[in-house]
Number of protein chains: 2
Amino acid sequence: MPAKPVRPRLNRDVICEAALELLAESGADSFSMRALGDRLGVDASAFYRHYPDKDALLREVGDRALAPATRGFTTSEDPSDDVRRMCLGVRKALLRSPVALQLTQAGPTRYPNELRITEVMLDAFDRAGMAPEDAVLAYHVFIEYTVGSAALDAPLAVSAQLRRETYRRWRADYAQLPSDDYPAIRAHAAHLYPSSDTVFRTGLEALLARLLGT
Amino acid sequence: MPAKPVRPRLNRDVICEAALELLAESGADSFSMRALGDRLGVDASAFYRHYPDKDALLREVGDRALAPATRGFTTSEDPSDDVRRMCLGVRKALLRSPVALQLTQAGPTRYPNELRITEVMLDAFDRAGMAPEDAVLAYHVFIEYTVGSAALDAPLAVSAQLRRETYRRWRADYAQLPSDDYPAIRAHAAHLYPSSDTVFRTGLEALLARLLGT
DNA sequence: ACCTGAACACCGTTCAAGT
DNA sequence: ACCTGAACACCGTTCAAGT
């Protein structure tokens with residue numbers, strides 16, 4: 001069999017794959033072009049032949065992180081449930097990979113996974129019988145809520161144990177506030193910071209019920 | 001009259017004030033300890049006597065950016081409207097100062113403005129007759145939605161003209177997608193990206209109607 | 001007590017040079 | 001065509017030294 005060409009060592013596929021691994025292992029804070037270069041046995045400057053800059057690289061990496069939400073998604077007969085499942089899937093994918101946050105700051109990537117999510121949701125609102133303007137409005141509301149929540153929840157999503165301990169500490173802090181100034185906080189301190197998944201579900205169901213009229 | 005003591009040149013008040021100005025003028029990207037030092041005529045290392053690190057400094061700056069939302073806020077007889085006005089005020093403050101995003105990533109600051117916002121909202125849910133667990137759940141939903149949306153909208157909030165042009169360009173891009181793969185996107189391209197304030201209002205009213213039973 | 005200045009260990013990015 | 005290596009212009013942070 002013919003020898004596989006050793007060149008090219010680098011292309012967008014191997015770069016994004018390595019970036020996703022590096023992000024999953026070491027977190028978003030310690031990601032750098034130099035660290036990515038080390039992992040691939042390549043100088044950091046080599047990436048600039050494949051992407052104009054770090055942001056462009058991370059935008060493609062970010063879209064690939066969304067793949068679990070689109071791969072295998074099947075539309076049902078219930079548009080409301082399609083929106084529900086898609087939002088939950090997007091949230092799960094965003095919490096899994098710490099590059100999610102990056103995506104929130106650069107506008108639409110128009111990469112395949114993002115486009116598929118948009119298509120599925122707009123189609124669902126259409127099937128629900130919404131007027132075009134209302135469908136677009138609803139689409140943006142669900143995306144802002146889903147991505148925004150994920151951006152807030154992501155920093156503590158890495159470890160369930162760390163999350164529980166952190167929430168417990170925060171509750172204890174709230175419980176020690178002066179009750180003259182903050183009576184309502186004091187009264188609710190023990191209940192603050194329920195599971196962020198429960199919080200997300202609560203808002204999601206409220207939006208579905210009101211905007212899709214289920 | 002006695003001469004004002006020249007020392008201390010630096011304290012938390014003058015540091016935060018200068019940081020807010022620098023952020024408003026030059027944006028979040030070009031903020032650095034060195035740039036802040038230049039503005040105050042001081043070496044960058046001088047701040048480390050007043051804050052443990054850059055994050056701690058920005059957390060206090062972030063809370064001060066919320067001041068417009070709490071200063072002058074008065075509770076009404078309609079809890080639902082109190083929540084509405086507070087969320088709109090928080091959004092406005094967050095879009096005004098580009099440090100908002102920073103706040104979303106570090107957990108609660110427990111600085112005065114953030115605490116006041118929490119107190120007002122929990123109190124409103126109480127007055128609406130909600131059970132304590134439901135009040136806390138609703139509080140977290142509204143905060144996630146408000147802060148999350150602001151984090152997504154902030155990058156384009158600086159200039160209305162830039163925002164309009166950017167949205168127009170994005171719509172044009174969506175309109176050129178292959179309609180075989182993305183029929184719903186193509187059909188809605190002209191309506192995508194309505195005013196982000198309208199989007200926020202739509203979701204906010206849906207959540208108010210469903211969670212506060214208006 | 002408070003700030004300076006130099007230093008350390010990093011960054012993203014560019015560009016001539018190598019192969 | 002693709003990558004290297006050195007260089008540039010930055011970072012946040014520490015710490016001995018100054019006043």
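Proteins get letters first, then strands, A, B, ... in listed order; numbering begins at 1 in each.
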Legend entry - Watson-Crick and G-U pairing of DNA chain C written in dot-bracket, each distance under 3.5 angstrom, with | for inter-strand partners: ||.|||||...|||||.||
Legend entry - Within-4.5 Å side-chain heavy-atom neighbours: B/Val99 and B/Phe31: no
Inset, instruction - Kindly say whether, by distance alone, the side chain of B/Ser45 makes a donor-acceptor pair under 3.5 Å with the base of C/dG5? - result: yes
Inset, instruction - From the options D/dG12, C/dT13, C/dC11, select the nucleotide whose nearest atom is closest to the side chain of A/Asp53. - result: C/dT13
Inset, instruction - Return the nearest nucleotide to the side chain of B/Val42; candidates are D/dC3, C/dT13, C/dT4. - result: C/dT4
Legend entry - Flag, side chain of B/Ser97 to backbone of B/Ala93, donor-acceptor distance under 3.5 Å: no
Legend entry - Side chain of A/Leu10 (C-beta onward), nearest among D/dC3, D/dT13, C/dT13: D/dC3
Inset, instruction - Would you mind telling me which of D/dC3, C/dC11, C/dC3 lies closest to the side-chain atoms of B/Arg49? - result: C/dC3
Inset, instruction - Please determine if a side-chain N or O atom of A/His50 lies less than 4.0 Å away from the OP1 or OP2 oxygen of D/dC2. - result: no
Inset, instruction - Check whether any side-chain heavy atom of B/Phe73 sits under 4.5 Å from a side-chain heavy atom of B/Arg85, and report yes or no. - result: yes
Inset, instruction - Could you check if a side-chain atom of B/Met121 sits within less than 4.5 angstrom of a side-chain atom of B/Ile143, using non-hydrogen atoms only? - result: yes
Inset, instruction - When you get a sec, tell me which of D/dC3, D/dG5, D/dG12 is the closest nucleotide to the side chain of A/Asp43? - result: D/dG5
Legend entry - Nucleotide nearest A/Tyr48 when distance is taken to its side chain, options D/dC15, D/dG12, C/dT14: C/dT14
